Amino acid sequence: MLKTHTCGELRAEHIGQEVTLAGWLNRRRDHGGLIFIDLRDRFGITQVTVNSDEAPEAHQVASQARSEYVLQVRGVVRRRPEGFENPQLATGEIEVIAQEVTILNPAKTPPFLIGGEAVNVDESLRLKYRYLDLRRPHMTRNMVLRHEIVRLIREYFYARDFLEIETPILLKSTPEGARDFIVPSRLHPGKFYALPQSPQQIKQLLMVAGMERYFQLARCFRDEDLRADRQPEFTQLDLEMSFVEPGDIRALIEALMIQISETVSPKPIRQVPFPVLTYQEAMERFGTDRPDLRFGLELFDVSDAVQESQFGVFRNAVAGGGQVKGVLYPGGASLSRREIDELTELVKPYGAKGLAWIGLKEGAGSDGHYGAEALRSPIAKFLSQEELAAIVQRSGAQPGDLILLVADRPDVVAASLGNLRLAIGRRAGLVDENSLAFCWIVDFPLLEYDEEEGRWQAVHHPFTAAVDEDWDLLETAPERVRAKAYDIVLNGWEIGGGSIRIHRSDQQMRLFQRLGLSEAEVEEKFGHMLEAFQYGAPPHGGIALGLARMVAIYAETPTIRDVMAFPKTAAGTDLMLGSPSPVSEEQLRELHIAVRVGDDEAERSAEKAAKAEG
RNA sequence: GGGGGCGUGGUGUAGCGGUUAGCACACUGGCCUGUCAAGCCAGAGGUCGCGGGUUCAAAUCCCGUCGCUCCCGCCA
C-alpha cells in the first residue's frame with residue numbers, strides 16, 4: 001500500500017508515529033516558509049504541515065502542489081500546538097509534520113470546486129464530470145450511506161434464510177405496463193429480448209421452484225419519461241415469499257425499515273407500528289395514495305352541504321357526480337391576492353378549473369353569523385349562512401385562516417387538493433422535517449377502467465390476487481374488487497409496493513379474461529405462467545422497494561440522482577459518456593436492424609406541414 | 001406529447017434597451033512560519049448557449065433552436 005493510514009483515522013493516540021498518507025490536495029494554505037495542506041481521501045481530511053526549515057525538499061514539492069493533485073506524504077503525527085486544534089475535523093487534534101512529499105499525479109484545475117464549501121454547481125456540469133462530483137464530500141457521503149443501507153438489507157435477509165438469486169437481464173417483452181427497452185438478437189433475426197421492468201414473473205417462478213424465500217437487489221429498466229424520483233435504470237430490493245399473507249410481508253418490511261432508520265438516521269419514526277390506511281381512506285383524507293404524514297391538514301368534504309347551493313359551480317359539480325372538498329391554510333387569510341393566485345396556478349395542472357377561497361377575519365362567526373365584513377372571499381356572497389357555517393365547521397378554520405375549495409370530478413379534486421396540501425405544508429412550515437413518517441396503503445382497487453382502450457386494466461399488475469370475498473365481483477362490479485396489494489410510503493414518497501399473487505391457474509385465467517385477453521393472447525404471452533401454476537404453485541407474495549428513493553430520503557436530497565453514482569439526465573442521456581449514441585452500420589447489419597430515423601423525421605415534417613396548411 | 005423555470009469569465013452570480021458587462025470564489029505571479037473560507041499586493045481570463053428578427057442601438061425585447069431542470073400525461 002502507498003499509505004499506512006487513511007486521512008480520517010489519525011488521533012491523539014497516534015502521536016509520535018511515523019505514517020504515510022496518500023490522497024488528494026483538498027486545500028492549501030501557503031504561508032511562505034510554512035505550508036498547510038488538507039489532504040483528503042474517502043475517509044476524511046488530515047492537515048499536513050510542511051516546514052521549509054525542517055524539510056526543505058518536501059517544502060519545495062508542496063509549494064508546487066495545487067488543488068486535486070494526488071499526493072503521498074510521509075511524516076510524523078504531532079499534537080497540534082495548544083489553541084490550534086480544529087474541532088470541525090475528526091483528525092483536528094493532530095497534524096502530520098511532513099518529511100517527504102511526493103506528487104503521485106498532478107491535476108488540471110477542476111471545472112468546479114471540490115474542496116471547501118458546497119456551491120450549487122450546474123447539474124449538467126456535475127454529470128459531465130461525475131467522477132469529480134462524486135469526490136465532493138457530500139456526494140461521497142451519499143455513496144457511503146447507500147452502501148450502508150445495502151449492507152443492512154443483505155444482512156437482514158441473509159439472517160432470515162432468504163436466498164439471493166440473480167435473474168436474467170435479457171428477458172422477454174411484456175405486453176402490459178411500462179415501455180420496454182428492447183435488445184435485438186443477432187442469432188435470431190427480427191427477434192428481440194427486453195430488459196426487465198422488474199423480475200416479477202421470474203420471482204414468482206422461483207416460488208413455484210420451491211425457493212420459498214428469495215431476494216435480490218435487482219436492476220430494473222423502464223423506457224418512460226423521467227422525473228426527480230424516476231430514472232430509466234434503477235435498483236429495487238425485490239423479494240418474494242411462499243406461504244405468506246399480506247401481514248407477513250408488511251411485518252417483515254416494517255422491521256427492516258425500522259432497523260435501517262435507527263441505524264442511518266437520527267430522526268425518530270413518528271409511529272410504530274406503521275399506520276395502515278386503506279386506499280379509499282388515503283384518497284379521501286389526503287387526496288393521494290402516498291400521503292405525507294409529517295403534518296395534518298386533512299382534506300374535508302362539504303359536497304352534501306352545498307349540493308343545493310345558489311353557487312352554481314358547487315351545485316353543478318355535485319349534481320354531476322363530483323365533489324366539493326377543501327383544505328385549510330392556517331393563518332392564510334392574510335395572504336396577498338397574488339399569493340392566492342399562485343395557489344390557484346398550482347392546482348391547474350391537475351385539471352381544476354379554479355380555486356374557491358374564504359378567508360376568515362378577526363371575529364368571524366363569533367355570534368354564529370358570517371357577515372361580509374368578517375370574510376374575505378369572492379364567493380361568500382353566493383353562499384347561505386348555513387352553507388358558510390358548515391364549510392367553516394368542517395374545515396376547522398379559526399379567524400385568520402384561509403379555506404381553499406375545489407369543486408370537480410373526484411379524481412381532479414383529489415389530485416388538486418392533495419398537491420395543494422403539500423404546498424401549504426411546505427409554505428406554512430408545517431412539515432416536521434425532523435421525523436420519518438411511514439405508512440402502509442392497502443386495499444387498492446384491483447382494476448381500473450381504461451377509457452382510451454375501452455377495457456379494464458390491472459392497477460398493480462395482472463398477477464395480483466383479489467381479496468378473497470371480492471372474487472365474485474370480478475364480472476359483476478369490477479371496480480369494487482380490492483387487491484391484496486400494499487404500498488409502503490415514507491414522508492410522501494412511495495418507496496415500495498407489492499402484493500399477494502394469484503397462484504392458481506384457473507383464477508389467473510379468470511383475471512386475464514376480465515382484462516379482455518383472448519385465449520390465444522394469454523397462451524402466447526403468459527402461457528408459461530399458467531402452465532407453471534399447474535405444477536403445484538404455492539401461495540406466494542412479495543414486494544419491491546426502490547432503493548434510490550429510500551436512500552434519497554435518508555440523505556435528505558430532493559432527487560434520486562444524488563444517490564446514484566452515474567445517473568442520466570431528465571432526457572435520459574449520459575453527459576459523461578455521451579450516450580445514447582449511434583452505432584456503426586456493421587453493428588446494425590449484424591443485428592439485422594435498419595434504422596428509420598430519416599423516415600420518422602420525414603413523417604414529422606409532413607405532419608407539421610399538414611398542420612400549418614390546415 | 002404538453003406546460004413552467006434557468007442558460008452572462010473556470011464556478012456561483014449582478015446587470016434586464018445605450019455600462020469600459022460589475023462582484024465573489026477559483027486561477028497565475030510575488031510577499032508572507034500557525035493557517036484551517038489563511039492574509040496582503042499585482043495580474044490574466046467574457047463569441048452574455050446558438051440562429052434569426054425588431055431597433056439608430058440588444059446580454060437586455062420578439063421568434064426559433066439546443067442544453068439542463070421541475071411538473072402534467074406516461075410510469076402493469
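Just so we're clear, the structure is a prediction, and the values are computed from it rather than from any experiment. Chain letters run A, B, ... following the sequence lines, proteins first, then strands; residues in each count from 1.
- Using a 4.0 Å heavy-atom distance criterion, A/E123 is classed as a sugar-phosphate-only contact.
- Remark: the A/N86 side chain and the B/C36 base include a donor-acceptor N/O pair separated by less than 3.5 Å.
- Atom name C1', nucleotides B/C56 and B/G22: the rounded distance is 27 Å, in whole Å.
- Nucleotides B/U8 and B/U69 are separated by 15 Å at their P atoms, to the nearest Å.
- At the heavy-atom level, A/E85 lies under 4.0 Å from base atoms of the strands shown.
- If you check every strand for non-hydrogen atoms under 4.0 Å, A/R80 touches a base.
- To the nearest 0.5 Å, the span separating OG1 on A/T288 from CG on A/N419 amounts to 7.5 Å.
- A/D30 comes within contact range of at least one nucleobase, with a heavy-atom separation under 4.0 Å.
- Contact check of residues 129-141 of chain A against RNA chain B (heavy atom, cut-off under 4.0 Å) returns no residues at all.
- The C1' atoms of B/G3 and B/G73 are separated by 11 Å, rounded to the nearest whole Å.
- Within residues 344-352 of chain A, the residues approached by RNA chain B to less than 4.0 Å at the level of any non-hydrogen atom are A/P349, A/Y350, in residue-number order.
- Of the two residues contacting RNA chain B, namely A/I97 and A/L575, the nearest-nucleotide position lying further toward the 5' end is that of A/I97.
- For the C1' atom pair drawn from B/C61 and B/G45, the interatomic distance equals 30 Å after rounding to whole Å.
- Judged by atom type and distance alone, A/E224 does not reach the base of B/G73 through any side-chain donor-acceptor pair under 3.5 Å.
- Salt-bridge formation is not detected for the pair A/E224/A/R230: no Lys NZ or Arg NE/NH1/NH2 atom is positioned less than 4.0 Å from an Asp or Glu carboxylate oxygen.
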Review item, nucleotides 2-10 of chain B N/O atoms under 3.5 Å of protein N/O:
{"unit_1": "B/G10", "atom_1": "O2'", "unit_2": "A/P111", "atom_2": "O", "d": "2.8"}

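- Here A/N51 lies in heavy-atom contact (under 4.0 Å) with a base.
- Using the six-membered ring where Trp is involved, A/F463 and A/H461 have ring planes that are tilted, between 30° and 60° apart.
- As judged by a 4.0 angstrom heavy-atom cut-off over every strand, A/R27 is placed among residues touching the sugar-phosphate backbone only.
- Under the side chain to side chain donor-acceptor pair (under 3.5 Å) criterion, A/R227 pairs with no residue at all, not counting sequence neighbours.
- Within the nucleic acid shown, A/R501 has no heavy atom closer than 4.0 Å to any nucleic acid atom.
- Remark: P of B/C40 and CZ of A/R29 are 16 Å apart, rounded to the nearest angstrom.
- Below 30°, between 30° and 60°, or above 60°: for A/Y279 and A/F444 the angle between ring planes is between 30° and 60°, a tilted geometry.
- Across all strands shown, A/E68 has no heavy atoms under 4.0 Å from either base or sugar-phosphate atoms.
- A heavy-atom distance below 4.0 Å to RNA chain B is reached by these residues of residues 192-202 of chain A, ordered by number: A/S198, A/Q200.
- Counting only N and O atoms by type, the side chains of A/T140 and A/R42 include no donor and acceptor under 3.5 Å apart.
- In summary, the side chains of A/Q508 and A/S505 do not present any donor paired with an acceptor at a separation below 3.5 Å, with no hydrogens or angles considered.
- In this entry the distance linking CG of A/L34 with P of B/C36 reads 13 Å, nearest Å.
- Between A/S52 and A/A570, the residue anchored nearer the 5' end of RNA chain B, judged by the nucleotide with its closest heavy atom, is A/S52.
- With hydrogens and angles ignored, a donor-acceptor pair closer than 3.5 Å exists between the side chain of A/R230 and the base of B/C75.
- Spacing between atom NZ of A/K128 and atom P of B/U69 amounts to 15 Å, rounded to whole angstrom units.
- Shown for residues 415-424 of chain A: no residue has heavy atoms falling under 4.0 angstrom of RNA chain B.
- With hydrogens and angles ignored, no donor-acceptor pair closer than 3.5 Å exists between the side chain of A/R222 and the base of B/C74.
- Inspection of the A/H528 and A/Q201 side chains reveals an N or O donor paired with an N or O acceptor under 3.5 Å.
- Nucleotides B/A26 and B/U13 place their C1' atoms 14 Å apart, quoted to the nearest Å.
- For B/G67, the paired nucleotide is B/C6, the pair qualifying as Watson-Crick or G-U wobble because both relevant distances are below 3.5 Å.
- At the phosphate of B/C68, OP1 or OP2 sits under 4.0 Å from a side-chain N or O atom of A/T573.
- For B/A24 and B/A42, the P atoms lie 13 Å apart once the distance is rounded to whole Å.
- Not a single donor-acceptor contact under 3.5 angstrom links the side-chain atoms of A/R126 to the base of B/G12.
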